[in-house]
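First comes the structure, then the notes that go with it.
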Amino acid sequence: MASFDTRTVHAGRQDLRKLGVHAPPIDLSTTYPITGLEEARASIDRMMEGAEPDENPIYSRLHNPTVARFEAGIAQLEEAEAAVGFASGMAAMTACLLAARQRGERVVAVRPMYGGTDGLLSSGLLGVEVDWADAESVGAAIGPQTSLVIVETPANPTLQLVDIEHVVAQAGDVPVLVDSTFATPVLQQPLRHGAAMVLHSGTKFIGGHGDVIAGVVATSEAFARELRVVRSLTGGILHPRAAYDLHRGLQTLSLRVHKAQEGARLLAGRLHEHRAVGSVHYPGFQACDPKGLVGRQMAGPGSMLAFELVGGFDAALRVMEAVELITPAVSLGSTDTLIQHPAGLTHRKVDAEVRASHGITDGFLRLSVGVEDAEDLWQELGGILDGLSRA
Ligand SMILES: *Cc1c(COP(=O)(O)O)cnc(C)c1O
């Protein structure tokens, strides 16, 4: 198998030369002319079971060749048998929960995690009940109805790292789903550590330019079939134009992730030394990675970090209002640097006590470092923090 960086450039493109093209074609057909009714019936039968079609995709909610190419690319990067694309990260999570629900009505989930996922699980909307756990109590939380264990590492927004192998060992026969959005396939491949499924919000690093909403799950062909069935039935499909953009994003994914990581290392170090900052959460710091997972589970600490301001909410508000080069906005993994206030925005709906127990205070800010020159970013951020210290 070619090295990872080589695969980022070529994954899912193996058939292009045969087609006589250099860029993947975007297939916008919603329906596909039927050449023979027998073949069409066989194709539908296959797709009802979640398999790929023989020849004719029949209808684009069931299968789309442009989406399938992106999926093949992700599968190759995650070293998975298959991947399934969705309209958003939340549509991907919904499909995983609906598929799991057929095996049991409870899931175990490790907090903290993305506010949207926390909200979906807490809502019981899908007929799935959640048992919350921490990374050490997953085994104890599992019961006869548990059909899935869900963890996020690094976790949103605290950058807490979860030892995937330790969770998998506790889960026994129950499949483990890892939301690896923060790590990207560049820094972490959860299936290697025994996870059954890895989920990405493609909206973040994979798209990488803040202009596509998408989700994807890489897994075994057996689980992929369950997810394709749910996707066809519920319709949370990825649009082929979005799939094209995501597939293009893969070509620069490794470059972007490594460049942004360099910047994050520099900013994390400077923030750590600044008087206006109480604590910095960054997987590159030993204090944030007591189990030494960076190096073993993750190839690097990544480009997401969070920090708590000594001045609490007022200081956080000042920073959010003062930034110019840095964009005050939710989301992450874009080429440009974004800063946001989890307690007020992405994790606003998470129970205040739960937030507090994870240190998501009113002075807590999350930074998604982009690929700009990190010295320029520090000139702005450091300047604002100097102002806070003087005040
Ligand atoms: C953004 C995000 C999601 C949800 O993805 P959408 O594409 O916004 O639906 C899920 N998990 C994590 C870790 C995220 O950051």
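Note that these values count all heavy atoms, side chains included, but never hydrogens, waters or copies made by symmetry. Order of listing sets the numbers, starting from 1, for every ligand and every atom in it.
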Please tabulate, one line per pair, the protein nitrogen or oxygen atoms found under 3.5 angstrom from a nitrogen or oxygen of ligand 1, with distances to 0.1 Å, or say none if there are no such pairs.
| unit_1 | atom_1 | unit_2 | atom_2 | d |
| --- | --- | --- | --- | --- |
| ligand 1 | 5 (O) | Ser201 | OG | 3.0 |
| ligand 1 | 7 (O) | Gly89 | N | 2.9 |
| ligand 1 | 7 (O) | Ser201 | OG | 2.8 |
| ligand 1 | 7 (O) | Thr203 | OG1 | 2.6 |
| ligand 1 | 9 (O) | Gly89 | N | 3.0 |
| ligand 1 | 9 (O) | Met90 | N | 2.9 |
| ligand 1 | 11 (N) | Asp179 | OD2 | 2.6 |
| ligand 1 | 15 (O) | Asn156 | ND2 | 3.4 |
| ligand 1 | 15 (O) | Lys204 | NZ | 2.8 |

| note | side chain to side chain contact (heavy atoms under 4.5 Å, CB included) test vs His239 passes for just one of Val67, Leu28, Ile213, Asn64, namely Leu28
| task | Linking directly or through intermediates, with side-chain heavy atoms under 4.5 Å: list the remaining ILVMFWY members grouped with Val110, chain and number order. | result | Val108, Val138, Ile142, Val149, Val151, Val162, Ile164, Val167, Val168, Val174, Val176, Val178
| task | Flag the pair Arg46 and Glu52 as a salt bridge only when some basic side-chain nitrogen lies within less than 4.0 angstrom of an acidic carboxylate oxygen. | result | no
| Check ion pair Asp131-Arg106 (N to O, under 4.0 angstrom) | yes
| message | Just checking His281 against Phe364, ring centres under 6.0 Å apart? | response | yes
| field | Output field: ring centroids His341/Phe313 closer than 6.0 Å | value | yes
